[in-house]
Protein chains: 2
Amino acid sequence: MAQNVAPPPATRPCSGQSCDACVVRDHAICADLNDDDRDALSRIGRRVTLQAGQTVMWEGDDSTVVANVIEGTLKLATSTGDGREQIVGVVYAADFIGRPFGTRTPHSVTALTDARLCLFPRGAFDGFAMHHGELQHRLLQRTLDDLDRTRDWMLLLGRKTAREKVATFLLDMGRRLRADADGVIDLPLSRQQIADILGTTIETVSRQMTDMKRTGVIDLVGRRGVRLVDRQALEALAEAG
Amino acid sequence: MAQNVAPPPATRPCSGQSCDACVVRDHAICADLNDDDRDALSRIGRRVTLQAGQTVMWEGDDSTVVANVIEGTLKLATSTGDGREQIVGVVYAADFIGRPFGTRTPHSVTALTDARLCLFPRGAFDGFAMHHGELQHRLLQRTLDDLDRTRDWMLLLGRKTAREKVATFLLDMGRRLRADADGVIDLPLSRQQIADILGTTIETVSRQMTDMKRTGVIDLVGRRGVRLVDRQALEALAEAG
DNA sequence: TCTCGTTTTTGACAGGGATCAAGGCATAAG
DNA sequence: CTTATGCCTTGATCCCTGTCAAAAACGAGA
């Protein structure tokens, strides 16, 4: 389903395995914990590997687990009764997923690429967090940032045209993802998923991208590759069609 | 601009004025503080009264204040360079507004009705919160809830039809606002503001409401009044047009 | 290199909602 | 009670996007 890096070794508990080598330890919510506390937290959790396409949590389910993303990209989504889907967030390495301090999972979480998580039972995590203000503070900061970003996205969904939506999306990916030597970004999303983020259809996304390619603003290479040739023009398109 | 209750006495510091009589003290984020701490917090803040239409914070401004809403309804909004506006949230009594632990105000805050706030300088509030875990926990809970609700709203903006949007909106107002003896809800929003919440136009909102009135699902009384005659039918409309 | 299945692009068409423009009603003022 | 002033509603028209359908391109595997 995705053209990704080879999956990591296996699923095993964090306990007995140090966080020292963790690549996201300085960026995840555990960054402010001292070594002892971080060890204590790691003993609650375990490493889990996911394959692209796997769903970790379903909308409406009981909230039983939360997790740090160690590696990979995942989507958060909700859908209507008749199957229309809206992606409400995309999370990357070091991000936090799940609903702490609440009983219901508000949206599904699905891996877009192969991914690794540091997974905690929610109850245990909540208990730990209640006694560790640094952790809650970090979580609060992150949640406030998420809320700001989410509200910004509402402007896109409610008020922007298809062209503005696609341009905004591409700039956003350009900011979040690293381009290769040729300046090409490898999108972790299919056209359908892009449409589900932007609240449009796959055909509209495709047409807008083709137009932008024709006018030289971007370049499309293969299915998932994009080069942002003229960022300034793209920014203009993102603002007012 | 609005047909509301008479404005309260005046602007005066909370200091010297007890929180004992505060109508939202059991529901706002200060609910879990003990009496001493709550007094200390109240000494940081001051009461402010707003008239309908007044803006407290502007999008992009430095984040200098945060506040509890004591009474009234306010909107949070962002807009594009060319003036299209999207309302990203509506806040009621006991809700919290402003951006703690951050330097930038992400969206404007404007009173929809006359309102009263308990206003804090952000720096002082942040400092206080850093030493009071209960407060941060409460704020975290509230922010997580806001995020869940906001993401739900993305589904409406991105995937629902005009009819579904209006039906969902009316049900939401029915849940949040109390109807009078005749079952009539007094909307705190104009048609334009409703359109700005739903990501449509004033004409579309008007047409949808008129249709629903014609089919007997709702009843319109005056400019701001609505009676939800058939909630079940409304719920059906909210789900699939 | 060729084939097959999937994803993406392209085309034709239509419909929902935006836009433009009056007209009708509440609400407030005289 | 009468007159203004904005809202709100209604009407006519257009166009952006969604929908349906098919061709093309890509990438995986033989």
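Excluded from the calculations below are hydrogen atoms, water molecules and symmetry mates; all remaining heavy atoms, backbone and side chain alike, are included.
- Of the listed nucleotides (C/dT9, D/dC8, C/dG17), D/dC8 has the atom at the smallest distance from the side chain of B/Arg191.
- Residue-level contact check: B/Ser206 touches the bases, meaning some heavy atom is under 4.0 Å from a base atom.
- One can place CG of B/Leu220 at 9 Å from P of D/dT10, the figure rounded to the nearest angstrom.
- Atom CD1 of A/Ile202 and atom P of C/dT6 are 14 Å apart (whole Å).
- Each of A/Arg223 and A/Ala162 has a nearest nucleotide on DNA chain D; the 5'-most of these lies closest to A/Ala162.
- Side-chain contact, B/Thr80 with A/Lys160: no donor N or O sits under 3.5 Å from an acceptor N or O.
- For B/Lys160 and D/dT17, the NZ to P distance is 22 Å, given to the nearest whole Å.
- Closest to the side chain of B/Arg224, from the set D/dC26, D/dC8, D/dG6, is D/dC8.
- Across the protein-nucleic acid pair, A/Lys213 atom NZ and C/dT9 atom P stand 9 Å apart, rounded to whole Å.
- For the side chain to side chain contact (heavy atoms under 4.5 Å, CB included) with B/Ile97, the qualifying choice from B/Val91, B/Asn68, B/Val65 is B/Val91, the only one to do so.
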What nitrogen or oxygen pairs link the protein and nucleotides 18-22 of chain C at under 3.5 Å?
| residue | atom | partner | partner atom | Å |
| --- | --- | --- | --- | --- |
| C/dA18 | OP2 | B/Thr201 | OG1 | 3.0 |
| C/dA18 | OP2 | B/Thr204 | OG1 | 2.4 |
| C/dT19 | O4 | B/Arg207 | NH2 | 2.8 |
| C/dC20 | N4 | B/Glu203 | OE2 | 3.1 |

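- When distances are taken from the side chain of B/Thr161 to each of D/dT17, C/dC25, C/dG17, the shortest belongs to C/dG17.
- Between B/Gly222 and A/Gln192, the one whose closest nucleotide on DNA chain C sits nearer the 5' end is A/Gln192.
- The salt bridge (Lys or Arg N to Asp or Glu O under 4.0 Å) check on B/Arg176 picks up B/Asp172, with sequence neighbours excluded.
- Whole-Å rounding puts the A/Arg214 CZ to C/dT10 C1' distance at 12 Å.
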